[in-house]
Amino acid sequence: MTVSSHQAEAPIVLLGPQTDFSEIGEVLDEFRVAGPVALITTGWQENEREDEALVEQLRRPAVNLALHARSERVYALEPLYAKARAARQARLQHLQRFYRMRLEAVDEAARAIAVRHVEAELLLEQQSITVAQMRQLDDDHLSRCQAEWTAFDQQWPAAEQASIAQERAAIAEQIDRCAAIVIAGGHLTALLNRLRLFDVLATVGNKPIVAWSAGAMSLSDRIVLFHDSPPFGTNLAQMLDVGLGLARGVVVMPDPRHRLRTDQPQDVARFTQRMAPAQCLGMDPGARLVFRGGRLVKGLADRLLPDGRIERGWRA
Amino acid sequence: MSLAINRLAAGPKTREAVRAFFAHHSFPLVEGDTITFVWRGDAQEVKLHHWVFGLESAQHLTRIEHTSVWYLSMPLPPASRVEYKFEIIHDGHGRWIHDPLNPHLARDPYGANSVAHGNGYTVPEWIHRDSASPFGTYEFVEFPSAVFGQRQTKVYLPARFRRTRQYPLLIVHDGDDYLNYTALGTILDNLMARREIPDMIVAFTNSSHRLVEYANDERHARFLTEELVPHLESQYPLRSQPQSRCLMGASFGAVASLSTAHRYPGFYGRLLLQSGSFAFTDIGDRNRRGPLFDNVVSFMNQFRDQPTAVSERVFVSCGTYESLIYENRSLIPLLEATGMDVRFREARDGHNWENWRDRLREGLSWLFPGPFLLVYE
């Protein structure tokens with residue numbers, strides 16, 4: 001996958017979770033979006049058309065691109081493509097599981113080493129080794145994911161599937177009539193896969209994009225799954241895939257209130273070192289990051305620091 | 001560690017000292033791994049009644065001389081949760097009461113008990129109504145059962161319920177008690193909203209003869225499997241694979257779940273068994289728990305003799321302060337040996353609804369993992 005051809009200077013605005021969607025309208029006002037907006041609620045999967053509450057808060061006309069429904073049509077019309085796509089997803093899931101198993105082995109070793117009674121200096125050195133091993137696994141996983149996508153795109157060029165080409169053209173036409181793009185949160189892979197399938201961002205041009213939660217994560221360059229208090233198992237964060245790359249140099253972490261534990265500074269420290277030089281930014285409701293040309297130009301979020309602290313209300 | 005009660009007992013027992021002691025502490029006193037129960041008043045005797053198997057169930061409180069303060073200190077391991085009552089004895093007659101100094105009560109079908117929390121125990125936040133969690137809805141389903149006559153079942157539909165989707169089915173024994181005493185309805189709303197479990201349909205069943213019907217009763221298994229499930233499948237969009245069907249219950253409800261799965265192996269792919277009354281004997285059929293357990297013992301002896309894979313995934317939990325901990329612990333290797341995927345969780349708690357409540361998040365999400373790592377709303 002290549003980074004989208006979104007033009008350099010239009011703002012990309014990333015937000016935290018939205019419960020009543022009121023922030024979206026405010027952001028669109030702030031960036032003087034005058035015309036209708038193109039809505040992507042694909043993360044809501046088969047409920048993507050239940051967008052009345054969201055549209056009401058936009059305070060301007062909206063066109064739902066209905067990517068989920070379009071993908072269902074495409075899969076029905078292109079059974080061979082659909083089968084190949086299912087096989088690709090199965091392989092990506094296997095890769096995710098195997099990568100996770102390797103990460104857990106490193107983590108388990110790190111925990112066993114951490115409780116040994118040896119010089120502090122030696123333990124510190126071991127912590128660096130853990131971070132390096134995890135970074136290597138992260139990079140390896142991302143490049144394997146990219147290789148899967150590249151191989152699939154070469155074998156099954158989406159543009160050569162008649163129904164996909166038709167849907168892409170229809171989407172491009174709808175986007176062309178809009179002044180901005182709004183991407184909701186929801187299910188990450190459901191959203192990301194369809195943004196890729198229809199190459200949506202290639203047709204966005206120089207229009208502002210406002211995205212939150214899973215939508216915001218999908219626009220970053222590396223997508224990290226995290227939850228510090230899972231119902232069972234360990235709290236190891238893991239890479240999902242490369243993102244669409246419109247917001248670079250940050251790890252977008254929605255809903256830290258529920259997903260991040262602040263009483264485990266050693267885990268926060270290790271995580272930030274693992275993700276460096278990217279900034280790890282927790283995004284609760286009210287958080288906002290503005291990117292231009294892929295770079296962060298303005299921000300309000302909770303920043304995770306390499307010493308294990310979390311800087312609330314950090315501003316960029 | 002010098003305990004606060006010992007400092008009071010050793011110091012001047014003035015009215016001011018006693019008043020300050022009560023003003024500056026919350027009760028029962030938990031200091032490190034020691035708990036001190038305190039009662040204040042006139043009595044001939046004061047006893048603590050608790051439900052911790054392995055300790056004497058009734059223990060005397062001691063009065064501090066020249067005061068009306070009674071106390072009992074005992075060890076309380078970290079993360080413990082203990083339910084108790086005081087018995088106040090006057091003129092040889094005892095009256096059981098809640099601890100008037102402790103606002104924490106645990107309700108159950110018999111009333112309520114006072115609750116003591118050891119250091120490190122916290123009431124889970126996911127049991128409380130979360131304003132971000134939309135409510136599921138309830139419907140009553142009533143149909144004529146050839147086995148039991150007319151039976152009513154309460155059915156929970158998830159907040160995002162759509163007729164066009166298909167859902168797993170969870171069948172809960174003692175359904176009303178789970179709703180009333182574990183807040184299971186709120187817990188389902190929260191766990192589904194947080195995507196820790198998938199949206200599912202839940203049937204809350206009840207029996208007015210549970211000690212008979214839940215004790216390895218063929219009729220109960222037939223009612224659930226040949227009547228209730230087919231009826232629900234005809235009314236609701238339910239997935240029909242075993243992996244999407246779960247039986248759950250506590251105490252005799254756990255026996256009913258396991259014995260039903262045993263009579264219909266492979267039909268229920270998930271089991272959630274809490275503090276199961278899995279009584280057995282190593283020789284003969286006579287058991288120390290009485291005739292109500294005869295059918296249970298007969299089933300468990302048979303199952304333990306020839307354990308088979310009746311399901312795919314089984315979550316078992318039990319309190320270490322229950323007498324049933326031995327039966328549950330010893331069941332685990334047998335379940336595992338069949339090839340079933342088994343997860344066992346112990347907690348320092350007793351045979352009560354809040355113990356069962358506290359294990360629901362892990363149990364349900366392990367049996368039915370939700371996409372919480374992939375969903376960011």
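Being a predicted model, the structure only gives us computed values, none of them experimental. Note: hydrogens, waters and symmetry copies are ignored here, and every other heavy atom, side chains too, is used.
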Distance-only check: which donor-acceptor pairs under 3.5 Å involve side-chain atoms of residues 229-238 of chain A, not counting sequence neighbours?
from	atom 1	to	atom 2	distance (Å)
A:T234	OG1	A:R100	NH2	3.0
A:N235	ND2	A:D267	OD2	3.3
A:Q238	OE1	A:Q96	NE2	3.1

(message) Return the CE to CG distance between A:M217 and B:L374, rounded to the nearest 0.5 Å.
(response) 9.0 Å

(message) What's the separation between atom CE in A:M253 and atom OH in B:Y376, rounded to the nearest 0.5 Å?
(response) 8.5 Å

(request) Indicate yes or no: does A:E50 engage B:R160 in a salt bridge with an N to O separation below 4.0 Å. (result) no

(message) Using a 6.0 Å cut-off, check whether atom CD of A:E56 has over 12 heavy atoms from anything other than its own residue.
(response) no

(message) Just checking B:R313: does its CZ atom have more than 12 heavy atoms from other residues, nucleotides or ligands closer to it than 6.0 angstrom?
(response) yes

(message) Using the rule given for side chain to side chain contact (heavy atoms under 4.5 Å, CB included), can you reason through B:R162 versus A:E46, listing the C-alpha separation, both sets of side-chain angles and the distance that settles it, and then say yes or no?
(response) CA-CA 10 Å; B:R162 299 285 178 280; A:E46 60 273 19; over 6 Å; no

(request) Heavy-atom pairs under 4.5 Å with chain B are the metric here; pick the option from A:G186, A:A184, A:G185 that has the most. (result)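 Answer, by heavy-atom pair count under 4.5 Å with chain B: A:G186.
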
(request) Name the member of A:A214, A:P17, A:G43 that forms the most heavy-atom pairs with chain B at distances under 4.5 Å. (result) A:A214

(request) Check side-chain hydrogen bond (donor to acceptor under 3.5 Å, both in side chains) between A:D302 and all other residues, then give those that pass, not counting sequence neighbours. (result)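 Testing A:D302 for side-chain hydrogen bond (donor to acceptor under 3.5 Å, both in side chains), a comparison that skips the adjacent residues, returns A:R312.
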
(request) Name all residues meeting the side-chain hydrogen bond (donor to acceptor under 3.5 Å, both in side chains) criterion together with B:T34; count only those two or more places apart in sequence or in a different chain, and write none if there are none. (result) none

(message) Using a 4.5 Å heavy-atom cutoff, which residues in residues 193-201 of chain B come close to chain A?
(response) B:E196

